[in-house]
Asker: 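I have a structure here, written as structure tokens, and I will follow up with some questions on it.
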Amino acid sequence: MERLYWVRHRCLQLISTDRRRGWYSPPSSLPAKSSLDAQDPLVQRLTGKRRVVVSQCDPHQAEYHSFSKGFQDNSIRTTKYTLISFIPMNLFQQFHRAANLYFLFLVLLNWVPVVEAFQKEITMIPLAVVLAVIAFKDAMEDYRRYRYDKKINNTLTHVYSGKQKQYVERRWAEVCVGDLVRLCCNEIIPADMVLLHSSDPNGVCHIETANLDGETNLKQRQVVRDLPQQGSEFVPENYSSHIECENPNNDLRRFRGFMDHPGKVRVGLHSENLLLRSCTVRNTETVIGIVVYAGHETKAMQNNSGPRYKRSKLERRLNMDVLWCVILLLLMCLIAAVGHGFWLSGRQNPIYMIPDDTHPALAAFYMFWTMIIVLQVLIPISLYVSIEIVKLGQIYFIQNDLDLYNPVLDTGVQCRALNITEDLGQIQYLFSDKTGTLTENRMLFRRCIVAGTEYPHHENAISLEQYEEQGCGDADHSLTLRSRTSRKSLSCKSLSCNRSSVSLNTLTAESDTHSVHDTLRRHTPGAGAFSSTMECAVVPDPQLQAGLNTLSSPMRSPVRQQAAEISHILDFFLALTVCNTVVVSSPTQPRHVVQMPVVRTPLRSLEEMKAMFQKLSLPRFPSSPSQNTDTPPSLTKKLFTRGRSASYFPNNSPQTPITTLQSPTAHSGTPSNTPTTPVTPALSSGAWSEDVDNIQKTKDNSADESESDDEDEAEELLYEAESPDEAALVQAAKAYGCTLLGRSPEQVLVAVPGTGPLSIPLLHVLPFHSARKRMSVVVRHPLTGEVVVYTKGADNVIMELAEAAEDGFCREIMERTQRHLDQYARDGLRTLCVAKKVLEEQEYKAWLKRHEYAETSIENREELLLESAERLETNLTLLGATGIVDRLQEEVPESIEALQEAGIKVWVLTGDKQETAINIAFACKLLRPTDHILMANCDSKETCEARLHELQHEIRQVTKEGMSEDDGSDCVLVIDGRTLDYALQKELQGSFLELTCCCRSVICCRSTPLQKSQVVRLVRDKLKVMTLAIGDGANDVSMIQMADVGIGISGQEGMQAVMSSDFAISRFKFLRKLILVHGHWCYTRLANMILYFFYKNVMYVNLLFWYQFFCGFSGSTMTNSWVLIFFNLLFTSVPPIIYGMLDKDVSGETLLDLPDLYKSGQNSQAYLPSTFWMNILDAFYQSLVCFFIPYFAYAGSDIGVFSFGSPINGSALLIILLHQLIESRTVTWIHTALLLFSALFYYAFVLLFSLTCVTCNSPTNPLGIETKMMSEPLYFLVCGLTTVLALLPRILCRAFRSTICPSDLVRAQKMERLSAQDYSTSLRQWKENKAAQRLSSRHVPQNLSVNADMPHLTECIAEAGAVLS
């Protein structure tokens, strides 16, 4: 129906008089896209994939009803069942399991009279119990979801009512598509809405997406352009625009559509106009939006996939062994059927049998199915339920491990995948991201290069070293998590709507130590996002500071620097300040409003600016903002006055304390609509004020502007950045006086030394893209009036785009910058290059037309915007580069060293440069000083193939010279992204994998997210190994999802990695215990429990099978059917579950001390095919002993069938329970109590059954049998002898293996029984022996070459001992 309504709407558009406007209003130089749509059949087909949304107000009721049919309401239901559908749906889902279907088949088969083995009701008990247990678990889980849904659906919001002509409270569930919703500060968005109005004068709304993707930094959303009511109070009745957008999808970062305004103006819609459900409105008093997606059609619900389910390696092995049990069952039933047929054939009408005309062959066929019913216990139906219960218990213990708890972030381990805990104990390859995973992702500015000159910032480095020596550098001890303000959120009608949620970006230092750093903190106010105050404090380099001081130095002072160099410095810091998406706020007034200044004629050069100062005899501005009449702290007080928005009003008062050079502004809405209009040259001054009353009040209280340091600190600027490096660069620029004071969609307010606050028109923001690896902003230069593009990004990308200038000066700058960049990389610094480009007006207008076309496009909008940005970012002029340090997380070297000792191959997949990655690898002990680095940097596929063969030949050559194969692990391969592309091609995959298998580790540099996932898939599928991937950012999601086990780190880059992972941790160091301890425990516990289940089922079923040889293979049993069914279902089922949850073969401390023990899980030593068959053979032996000892003991007596079965059942129970006691490595009071309870429960049941049951097992009568047998000493003698003889071989075999050839696990168990002093001595000796074994087989080759293309790498290797600060 929606398609029909859309066709009708489209036809009405096409027959309208204005056919020149199609999907949007294109520039005059471009063809109208409507004509393109008419010619493009693809676009015509896509029209059915869109929806039309109109307002639900009274004037639009008829039109609303015509379009809104088929739209979902806003109620959500995440439950699977209802009260009516629970039983049928749950049974339907449970019978998707093959085991349940198998037992259902047996229940139905037992109802067939010719093959009936037991009473019909009895055979239903095992299946009914299993189904009931799982149904109860599912019901409890669904009830929790129901309570959550009810709470969400009953949340209240304000929706406009056309009848009442006002906003009324309405439940979220009652919100519909087309409703106009009003939200206030700190309210959660109930549905996906297009933003129509914001109380912010610039039409901006800030939202926090923590509930959606975990990111706590604020994001800006913009009101739809060209709305008739924009800038005034929103009147719902006057809103008559139509929205046409794409149908619901799960892409959180894309929204495509357009809005038809009444004047036939069509405006494109994109993600910046969309408010997503579950996000929170921040720093904005009121917003109004129209609902376009509701309920399960919202992007948040489309992404709500719930827990992840994977099949573990152990589960796959289990399914194979179940098939072997099926084959064994069929074989036993076939033997019984054939035996029954021969038995009948050998007897002609015996007197003890009822005459029957059934042919022996047909009787054998019937007996085959009867035996399947009798021997059904061979297939462990309760095993699957027990595995689920055990895994839930294992997850509980993992999540409640205090050693994996991070008190700073108040988070522990999250287990998102419920069924692969045992895979943690079998990891063979670990793929790790670098930034944010191995490092802190807390970027700290350290050094920079401007115009080819390197500024080392020695004092800054010394300051940080002293800060860390005082114990303030450890995030776990010095940082606390606190909310944005200590006071509660004010009313939503107030402008001071403070953030009430806890944010990861508000980490602040907790140190009361009074030192020189307190002074430094006062001079550099403001804690940066992601880092503490002291870490963000940058001590300026004296030489660079002197260059900036030239802007405000007296004219009589000699200017030693050239104007070009000064311009480079100013542009460099302007780029750091402007080229970002940082949101500026304050503790008391988070919102910063910047009004449009009056248009002024630009100054053409710095010399003109100085000449103007001298001509007008104005006071010159000091070099440090702290000496200004209005310092940044005091200026902040004016900007962020409590409860009021700060606005800039130009005036000509000479008494204004701040003289501001006004920059030209040519745009109020769309930059291209209004041309620049020059006016009479003048130098205007301006004042920041709240209103007229506050201006006078500020003058009267001017003495209060020099406030104390503590008060200045209270009014610090707060920077909220989308990435840590942005915050670090803005803080660095602030240290030099280039302070970012505020940001609006149209302009940026910056305080520059020598000029004071400057309002810089912001024309365009080209955000960072992983394909471009850079971001750009287009502004009008505040001093020259030119259109300037500032770009920052990866050094290799910017250097390629930098203009190859003909003059030697620029060429020399690029060469010197590259040399310093190489040194930065060797020092382990993250490098970014900064560049600019000056556009002519005509060039800018030509680009703008194409860019507007891309912005307003619906189809291929992302591709067109990417192409537009790349077209602009060419022929750049290099300004400089920055070096940012990203410290290693605590205990990363120890963790990687332990993982490598455990036999796990660690690969690092990073987007950083090779030198940076190598330096980090040395620091975290992934590389050792004795390792040999094999470089692979190739420009073509042929070169890559030759290089791979060359490296393989070198490793083989060294091996032939006497090095063992294992010593090939001393080699580490370092490969760049381009070469990795070639190596991942099908023709070279084999050579690449062969080379990596000879290396101890691999480092992939400059790798893209796609390459990361391709590498993981290649290793996982080709080598058939267990893989684990760990990362913290959105670029790691594909890698995490591709690995067998994916682990996300809840770091500084949001929660995308966590939401896509199987397990989530907060620090890399927790991976050590999670894998080496919990992984080992989960695997060994579950493997041993599964083997035990197979053993006890086969052992007990064989007792019934042996009896068939003495009853003519008739399907009879020597025990009553109730005991037969309950034996595995009740009497012996609980101890294995506790065994699977609590058993510890080795303690956690020993597993951490001896990572070598983890190799047993890698090799699946606990659950090998040989282990499985040994358990089956042991079960056969024990069943023979358990059956034939009572048989011979009671041979010749007159006991009945059930009396003969009594000692067999008693012996079997003791053997099975004591067998588990032998296999248990940890025997606690819980184990002992459960074993005793199981034995007592059995005897209590059979005694009660024997005393009370007369007709419970028709046609036989078990009354008094158990009491009579237990009154005879022979019963206990038989049970005792049988138990000893059955378990003796296993005890002897275990003692022999532990004594003659003990495994590492057995040796570790013996060590734990020693005293503390002896344990330490044995532990030290163990490690020395292992190290000696490795050294004895190691031969350090001398002729293994390193790639000659990187001669500077030798210096990097020589500095291997250096560890990052």
Asker: Under 4.0 Å between a side-chain nitrogen and a carboxylate oxygen: does that hold for Lys1012 and Asp433?
Answerer: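 A salt bridge links Lys1012 with Asp433.
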Asker: Between Phe1068 and Thr437, which heavy-atom pair has the shortest distance, and what is it?
Answerer: CB-O, 3.2 Å
Asker: Would the Tyr1139 and His1231 ring centres measure less than 6.0 Å apart?
Answerer: no
Asker: Given Leu424, which of Val1077, Asp1044, Asp1062, Val1045 fulfils the side-chain contact (heavy atoms from CB on, under 4.5 Å) condition?
Answerer: Val1045
Asker: Decide yes or no for Leu1074 and Ile1047: does some side-chain heavy atom of the first lie under 4.5 Å from some side-chain heavy atom of the second?
Answerer: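 Yes - at least one pair of side-chain heavy atoms lies under 4.5 Å apart.
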Asker: Can you tell whether the side chains of Glu1223 and Arg1294 come within less than 4.0 Å, N to carboxylate O?
Answerer: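 Salt bridge present between Glu1223 and Arg1294.
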Asker: Near Lys1310 NZ, under 6.0 Å, is it more than 12 heavy atoms from other residues, nucleotides or ligands?
Answerer: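 Above 12, so yes.
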Asker: Provide the closest heavy-atom pair for Asn406 versus Phe1070 in the form atom of the first, atom of the second, distance.
Answerer: CB-CE1, 4.1 Å
Asker: Mind checking the CG-CD1 spacing from Leu934 to Ile975? Nearest 0.5 Å is all I need.
Answerer: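 So the gap between those two atoms works out to 11.0 Å.
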Asker: Ignoring hydrogens, what is the shortest heavy-atom contact between Tyr1167 and Leu318? Give both atom names and the distance.
Answerer: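 Closest approach of Tyr1167 to Leu318: OH-CA, 4.0 Å.
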Asker: I'd like to check Asn1175 versus Asp1178 (side-chain heavy atoms, cut-off strictly below 4.5 Å). Are they in contact?
Answerer: no
Asker: Could you pull out the closest heavy-atom pair between Thr421 and Phe1063, with the gap in Å?
Answerer: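 Reported closest heavy-atom pair: CA-CZ, 4.2 Å.
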Asker: Could you walk me through whether Thr1027 and Gln428 satisfy the side chain to side chain donor-acceptor pair (under 3.5 Å) test, starting with their C-alpha distance in whole Å, then the side-chain angles of each, then the deciding distance to 0.1 Å, before giving a yes or no?
Answerer: CA-CA 6 Å; Thr1027 58; Gln428 296 165 285; over 6 Å; no
Asker: For Arg1225, look at atom CZ and say whether over 12 heavy atoms of other residues, nucleotides or ligands are found less than 6.0 Å away.
Answerer: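 Atom CZ in Arg1225 is crowded, with more than 12 foreign heavy atoms closer than 6.0 Å.
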Asker: Nearest 0.5 Å please: distance from the CG atom of Asn1163 over to the CG atom of Leu1168.
Answerer: 8.0 Å
Asker: Are Lys1073 and Asp403 ion-paired here, with the side-chain N under 4.0 Å from a carboxylate O?
Answerer: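 So Lys1073 pairs with Asp403 through a salt bridge.
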Asker: If you compare all heavy atoms of Gly1048 against all heavy atoms of Ser1061, which two are closest, and at what distance to 0.1 Å?
Answerer: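 In terms of heavy atoms, the two residues are closest at N-CB, 3.3 Å.
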Asker: Quick one about Gln889 and Thr439 (side-chain donor to acceptor, distance below 3.5 Å, no hydrogens or angles considered), yes or no?
Answerer: no
Asker: Determine whether Asp410 and Tyr405 satisfy the following criterion, side chain to side chain donor-acceptor pair (under 3.5 Å), listing intermediate values before the conclusion.
Answerer: CA-CA 7 Å; Asp410 191 26; Tyr405 171 74; 2.5 Å; yes
Asker: Mind checking whether Trp1081 and His1078 have parallel, tilted or perpendicular rings, split at 30° and 60°?
Answerer: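 Judged by the thresholds at 30° and 60°, the geometry between Trp1081 and His1078 is perpendicular.
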Asker: Salt bridge between Lys1069 and Glu894, side-chain N to carboxylate O under 4.0 Å?
Answerer: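 Judged by the 4.0 Å cut-off on N to carboxylate O distance, Lys1069 and Glu894 do not form a salt bridge.
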Asker: Quick check: closest heavy atoms across Val906 and Gln900, and the distance to 0.1 Å?
Answerer: CG2-CG, 4.1 Å
Asker: What do the steps show when you test Ser1315 against Asp1318 for side chain to side chain donor-acceptor pair (under 3.5 Å), and what is the final call?
Answerer: CA-CA 5 Å; Ser1315 62; Asp1318 293 338; 3.1 Å; yes
Asker: Looking only at the side chains, is there a donor atom on one of Thr1150 and Tyr1319 sitting less than 3.5 Å from an acceptor on the other?
Answerer: yes
Asker: How many angstroms lie between atom CG of Leu1071 and atom CG of Leu899, to the nearest 0.5 angstrom?
Answerer: 5.5 Å
